[in-house]
Amino acid sequence: MHQSDWLLWLLHGEYGVSDYNNTLKVGYDPEIDSYPSWLMSQPYAYMLPSVRAPGAPIGSIKEDVRAQFGFPKNCVVCTGTTDSIAAFLAARTTEPGKAVTSLGSTLAIKLLSNARVDDARFGVYSHRLDDMWLVGGASNTGGAVLRQLFTDDQLVALSHEIDPSVPSLLDYYPLPKRGERFPVSDPNMMPRLQPRPESDTAYLHGILESIARIEAKGYNLLKELGASMVEEVLTAGGGARNDKWTAIRGRVLGVPVRKAEQTEAAYGTALLALKGANTSH
Ligand SMILES: Nc1ncnc2c1ncn2[C@@H]1O[C@H](COP(=O)(O)OP(=O)(O)O)[C@@H](O)[C@H]1O
Ligand SMILES: O=C(CO)[C@H](O)[C@H](O)COP(=O)(O)O
């Protein structure tokens, strides 16, 4: 059971219900809309959740929960999705070639593509989004590293001093601890955050630029593996509020990069719930 399935279960009380995004990583194949036969023949297969489309109505909210929070009597609970897909939905972009980078604690990229691409060597996989594919992967770089080195106030103050049009020559691989998933799958990769220059501004510039290079490598890899070509990148998560970083990323990625209008994944799940509510009435 995934975290979101457990939370939803507390609301609707029907055991073992999930969606085809959350179950991808336990082996559900969204293309054939079932678990593969090798998985179904395992002795533990009975524990696999039943799978519905994201945003499908599951059932009414439990009466005690409804009464506790004052929800209306016709309140329906719907299946969810994963956090970075929710961020993609929040950005409300629907064209192949459009991408959303979630710059939260980690860096997750999602590119809307006509072609499905999966390659475990590089941590690349495709989620289904209706009749299209969300191709991407998640790197362990991102905001968690920044939080180890700077406070959020320092991030704002130091970023203010950065000139994003000037490339930083500092070459790091910022990770919060050992291990990388994408665009290189290497559980033993060590963080590289040295040499540290005297200037904190130069150091932050080097780290932001190095994270942008990892992001660019990720999008280039998706293209090499046959996904639709990336045309524009929208940004969600805490990193989206850093305009200097957005400008650095635009230069390094070589495509337009901008902050999504809605940067919170919760907005995307609310859109899914709205879709489910419309289906159920
Ligand atoms: N001004 C900023 N510039 C870059 N990153 C920032 C800034 N402010 C906050 N962050 C980063 O945003 C991250 C939090 O974003 P959030 O989307 O809430 O993450 P989570 O993935 O944990 O939900 C923190 O790790 C922090 O380092
Ligand atoms: O790093 C993450 C959470 O820590 C990513 O958000 C997550 O791995 C991405 O998963 P998915 O592509 O299935 O939404």
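When a ligand or atom number is given, it counts from 1 through the structure's own listing order.
Electrostatic pairing of Glu215 and Arg251 does not count as a salt bridge here, judged by no charged N lying under 4.0 Å from a carboxylate O. Looking at Asp163 and Lys244, no side-chain N of the basic residue comes within less than 4.0 Å of a carboxylate O on the acidic one, giving no salt bridge. Between Arg128 and Asp29, none of the side-chain N atoms (NZ, or NE/NH1/NH2) sits under 4.0 Å from a carboxylate O, so this pair counts as no salt bridge. By the 4.0 Å N-to-carboxylate-O rule, Lys259 lies too far from Asp243 to be salt-bridged with it.
For atom 27 (O) of ligand 1, the nearest non-hydrogen atom of the protein is Gly143 O, 2.9 Å. Closest protein heavy atom to atom 12 (O) of ligand 1: Gly238 CA, 3.4 Å. When only non-hydrogen protein atoms are considered, atom 7 (C) of ligand 1 lies nearest to Leu155 CD1, 3.7 Å. Atom 3 (N) of ligand 1 has as its closest protein heavy atom Asn242 ND2, 3.0 Å. Protein heavy atom nearest atom 1 (O) of ligand 2, with residue, atom name and distance: Arg181 NH2, 2.7 Å. For atom 7 (C) of ligand 2, the closest heavy atom belonging to the protein is Ala138 CB, 4.1 Å. The nearest protein atom to atom 10 (O) of ligand 2, hydrogens excluded, is given as Lys25 NZ, 3.0 Å; this is a heavy-atom distance. The protein atom (non-hydrogen) at minimum distance from atom 8 (N) of ligand 1 is Arg241 NH1, 3.0 Å.
Listed by number with element, the atoms of ligand 2 under 4.0 Å from a non-hydrogen atom of Tyr125 are 9 (C), 10 (O), 11 (P), 12 (O), 13 (O). Near Ser84, meaning under 4.0 Å from one of its heavy atoms, ligand 2 places the atoms 9 (C), 11 (P), 12 (O), 14 (O). The contact set between ligand 1 and Leu146, taken as ligand atoms under 4.0 Å from a residue heavy atom, comprises 4 (C), 5 (N), 27 (O). Each of the following atoms of ligand 1 lies closer than 4.0 Å to a heavy atom of Ala144: 25 (O). Atoms of ligand 1 found under 4.0 Å from any heavy atom of Gly237, numbered from 1 in the order shown, are 17 (O). Short contacts between ligand 1 and Ser105, defined as distances under 4.0 Å to a heavy atom of the residue, involve ligand atoms 19 (O), 20 (P), 21 (O), 22 (O).
Distance check, rounded to the nearest 0.5 Å: CD1 of Ile248 to CD of Glu209 gives 5.5 Å. In this structure, the separation between CG on Leu225 and CZ on Arg116 is 13.5 Å, given to the nearest 0.5 Å.
Distances from atom 23 (O) of ligand 1 to the protein include no heavy-atom value under 4.0 Å. Protein heavy atoms come within 4.0 Å of atom 19 (O) of ligand 1.
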- How far apart are the C-alpha atoms of Tyr125 and Asp119, what are their side-chain angles, what is the distance that settles it, and do they pass the side chain to side chain donor-acceptor pair (under 3.5 Å) test? CA-CA 6 Å; Tyr125 51 89; Asp119 199 324; over 6 Å; no
- Message: If you apply the rule salt bridge (Lys or Arg N to Asp or Glu O under 4.0 Å), what do you find for Asp171 with Arg192, and how did you get there?
- Response: CA-CA 8 Å; Asp171 180 26; Arg192 192 174 73 243; 3.3 Å; yes
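Taken together through direct or relayed side-chain contacts under 4.5 Å among Ile, Leu, Val, Met, Phe, Trp and Tyr, Phe71 and Leu272 form parts of separate hydrophobic clusters.
Relative orientation of the Tyr28 and Tyr35 rings is perpendicular, given thresholds of 30° and 60° on the angle between their planes.
No part of Ala236 comes within 4.0 Å of ligand 1, judged by heavy-atom distances.
Side-chain contact, Ser102 with Asp83: no donor N or O sits under 3.5 Å from an acceptor N or O.
In the candidate list Ile109, Thr106, Leu134, Thr81, Thr106 is nearest to atom 4 (O) of ligand 2, counting heavy atoms. Nearest to atom 6 (O) of ligand 2 by heavy-atom distance, out of Leu24, Thr82, Asp83, is Asp83.
For His2 against Thr23, the heavy-atom pair with the smallest separation is NE2-CA, 3.9 Å.
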